[in-house]
Amino acid sequence: MRTVIAGNWKMNKDRSQALQLLGHLAQAAAELPAGVEVFVAPAFPFLSLAVERLQGAPIAVAAQHCHEAVSGAYTGEVSAGMLASCGVKACIVGHSERRQYFGETDAAVHARIKAVLSVGITPIYCCGELRADREAGRHQEVVGAQVHEALTGLPGEAMAKLIVAYEPVWAIGTGLNATAAQAQEMHAFIRGRLRALAPEQAEGIPILYGGSCKPENAAELFAGPDVNGGLIGGASLDAGAFLELVRIAHRMKKPE
Ligand code: 13P
């Protein structure tokens, strides 16, 4: 089974700090265990730099966002084609911070997934419920609706190219991760939804856990049969912690 560790740097690191982190990752690349797909997602100004510095390393570069249009008068935005032309291999779509602070809707997320796929790069599609949703017991309903809105209508061959990340909003940056049981339960639920949309492809789609995932809790979280790695925020800003997460994901990798 594919196993993925992706680091979302969010709006962190200036140029020299980004270079330092990329340097550490590039240096350690030779010792990374094979069989885990590794991505790092720096901010836009450092994407080309990251592609350059990680050339030859088994670490691909992802973006954190893109616009759905091919080009045009969208001041401040970046298209998927621009990312691809810089050597970027994946793009995070639908992160809860985009939904919360920038008004990203499920419809926009759907359009962006299509835009990303159309240029041959991998969408890392994020879903996850708010604390209030979980407290009210409607977390599956909320995540099910997100998955439905974002992915319905994508052909099977497009679904096969997807990476999904379950990130409960209450666990992001809070130090309060989901329990391994909560993560596995939701991942199995998401797998079921994927099966309904793409029966042939669903078993092969990696579903990552995100939300205060760090070396101390990763082995337990990644043990779930439907947990195929992690989307890492805070812990991806430290090369040692991030590389340790790759090693843990490798240990917990499910058989092909
Ligand atoms: P933290 O790992 O900092 O909780 O962030 C998770 C996340 O949002 C990754 O996209």
Side-chain angles (χ1 to χ4, degrees), residues 3-13 17-18 21 25 36-44 46-47 50 59-66 83 88-102 104 109 112-113 116 122-131 133-134 139 142-143 146-147 150 162-180 182-183 186-187 190 206-222 224 227-249 252:
T3 302
V4 179
I5 292 288
N8 176 7
W9 295 6
K10 308 192 179 182
M11 199 173 74
N12 293 297
K13 306 282 180 194
Q17 293 165 333
L21 180 47
L25 295 176
V36 179
E37 296 169 48
V38 184
F39 294 89
V40 288
F44 285 136
F46 314 128
L47 288 175
I59 302 175
V61 176
Q64 300 173 18
H65 166 68
C66 72
L83 298 174
V88 169
K89 299 293 185 216
C91 183
I92 298 170
V93 181
H95 193 281
S96 64
E97 287 151 16
R98 301 291 319 172
R99 296 175 192 259
Q100 200 175 346
Y101 306 133
F102 304 98
E104 206 156 292
V109 171
R112 280 168 201 171
I113 290 173
V116 169
T122 301
I124 302 176
Y125 162 66
C126 304
C127 56
E129 82 284 0
L130 302 172
R131 181 189 300 278
D133 298 324
R134 184 158 284 267
H139 41 288
V142 167
V143 172
Q146 288 174 343
V147 169
L162 212 62
I163 294 173
V164 174
Y166 167 57
E167 298 204 309
V169 179
W170 47 272
I172 296 178
T174 58
L176 181 75
N177 57 282
T179 65
Q182 285 172 326
M186 186 62 92
H187 282 229
I190 293 170
I207 307 178
L208 317 185
Y209 170 78
S212 298
C213 182
K214 44 187 185 282
E216 293 74 20
N217 58 26
E220 212 182 330
L221 284 162
F222 296 168
V227 182
N228 310 114
L231 179 55
I232 316 297
S236 74
L237 301 175
D238 176 82
F242 186 64
L243 294 165
E244 183 57 17
L245 284 162
V246 176
R247 287 189 280 268
I248 295 169
M252 307 312 289

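Worth knowing before you read on, the calculation uses all heavy atoms, side chains too, and leaves out hydrogens, waters and symmetry mates. Read the numbers this way: they start at 1 and go in the same order the structure lists the ligands and their atoms. By convention here, the first residue in the shown sequence is residue 1.
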Listed partners of His187 passing ring-ring contact (aromatic ring centres under 6.0 Å, His included), at least two apart: Tyr166
Subset of ligand 1 atoms that lie under 4.0 Å from at least one heavy atom of Gly211: 4 (O), 6 (C)
Nearest-0.5 Å distance, CD1 of residue Ile59 to CG of residue Leu243: 6.5 Å
Shortest protein heavy-atom distance from atom 2 (O) of ligand 1, along with the residue and atom involved: Gly233 N, 2.9 Å
Ala171 heavy atom under 4.0 Å from ligand 1: yes
Leu231, any N or O under 3.5 Å of ligand 1 N or O: no
Other residues, nucleotides, ligands: >12 heavy atoms within 6.0 Å of Glu220 CD: no
Option set Gln64, Lys10, His95, criterion heavy-atom distance to atom 10 (O) of ligand 1, minimum: His95
Enclosure of Lys13 NZ (heavy-atom neighbours >12, cutoff 6.0 Å): yes
Heavy-atom proximity to atom 1 (P) of ligand 1, best of Gly234, Pro168, Ala41, Ser236: Gly234
Side-chain donor-acceptor contacts of residues 4-12 below 3.5 Å, not counting sequence neighbours, with atom names and distances?
unit_1, atom_1, unit_2, atom_2, d
Asn8, OD1, Lys10, N, 2.9
Lys10, NZ, Glu97, OE2, 2.8
Asn12, ND2, Trp9, O, 2.9

Shortest protein heavy-atom distance from atom 9 (C) of ligand 1, along with the residue and atom involved: Glu167 OE2, 2.8 Å
Polar atom proximity, Glu97 to ligand 1 (N or O, under 3.5 Å): no
Side-chain donor/acceptor of Arg131 to backbone N/O of Val169, under 3.5 Å: no
Non-hydrogen atom of Gly173 closer than 4.0 Å to ligand 1: yes
Nearest-0.5 Å distance, CG of residue Leu208 to CZ of residue Phe39: 9.0 Å
